Amino acid sequence: AQTVTQSQPEMSVQEAETVTLSCTYDTSESDYYLFWYKQPPSRQMILVIRQEAYKQQNATENRFSVNFQKAAKSFSLKISDSQLGDAAMYFCAYRRNSGSRLTFGEGTQLTVNP
Amino acid sequence: GAGVSQTPSNKVTEKGKYVELRCDPISGHTALYWYRQSLGQGPEFLIYFQGTGAADDSGLPNDRFFAVRPEGSVSTLKIQRTERGDSAVYLCASSIDSYNTEAFFGQGTRLTVV
């Protein structure tokens, strides 16, 4: 079974600074997808960024980028120029290429200090 | 609708009662997912529909939980003989089809069993 682990229950960052959230996963599959989701107090999960395992290039979406290390099964999220609106719970998630369900980590609560 | 709609937003019920949680997916989305998120945890998969049929219900915890999607659009998650351990946020998500990796989430229903 696939597992996703986020070892940082809480992180904090100063506004305009950079923060990195960690995620590791375990799978025997070679083809899969990895995601970072943001969950604000409204509870709605919002997709931040997605990475296909077959792509060597790290995904980037504006201020958000990932460091995908397939051999190490590591998938960290870097948020640059942090903004107050980035404060939320962040979840790392995994999906098999041939499957449909998402497997989530435990989450990291990010606080952005003004 | 513009997004995934879940009703009610909050539900308080007494132990032993029956509850129904509704999910209205994005129009035209054939894939629909239910997840359960306990306090301080990541969402856990419950069931996935492709059209009207349950393609994967392996996440349902026991036979008190049941879900339907009779016309391939709105889905209802039904919980019989509720227990205090059923208290959680129930999240619904939809995607265009099961191959598309972008799932759009609703704001969830917070169920409290007293």
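The model shown is predicted, which means the values in this text are computed figures rather than measured ones. Proteins come first, then strands; the chains are lettered A, B, ... in the order of their sequence lines, and each starts at number 1.
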**Prompt:** Taking B:Pro43, B:Ser9, B:Ala93, B:Gly42 one by one, which has the highest count of heavy-atom pairs under 4.5 Å against chain A?
**Reply:** B:Pro43
**Request:** State, without any angle test, whether A:Tyr32 and A:Thr27 hold a side-chain donor-acceptor pair at a distance under 3.5 Å.
**Result:** no
**Donor on one side chain, acceptor on other, B:Thr30 and B:Gln50, under 3.5 Å** = yes
Go through the atoms of [X] and report whether side chain, backbone, both or neither lie under 4.5 Å from a heavy atom of chain A.
X        : answer
B:Ser95  : neither
B:Phe104 : neither
B:Ser38  : neither
B:Ala103 : both

**Request:** Look up atom CG in B:Asp56 and atom OG in A:Ser100, then write down how far apart they are to the nearest 0.5 Å.
**Result:** 8.0 Å
**Side-chain donor/acceptor of B:Gln6 to backbone N/O of B:Cys92, under 3.5 Å** = yes
**Message:** Strictly distance-based, threshold 3.5 Å: is any side-chain N or O of B:Glu20 a donor or acceptor partner for the main-chain N or O of B:Thr76?
**Reply:**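 Side chain of B:Glu20 to backbone of B:Thr76: no pair is present.
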**Part of A:Gln6 within contact of chain B (heavy atom distance under 4.5 Å)** = neither
**Request:** Can you tell which part of A:Leu47 gets under 4.5 Å to a heavy atom of chain B, answering side chain, backbone, both or neither?
**Result:** side chain
**Request:** Give me the ring orientation class for A:Phe104 and B:Phe105: parallel if the planes are under 30° apart, tilted from 30 to 60°, perpendicular past 60°.
**Result:**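 If you compare the ring of A:Phe104 with that of B:Phe105, the planes turn out perpendicular.
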**Asked** Between A:Met89, A:Glu52, A:Gln39, which has the largest tally of heavy atom pairs under 4.5 Å with chain B?
**Response**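 Of the candidates given, the most pairs with chain B belong to A:Gln39.
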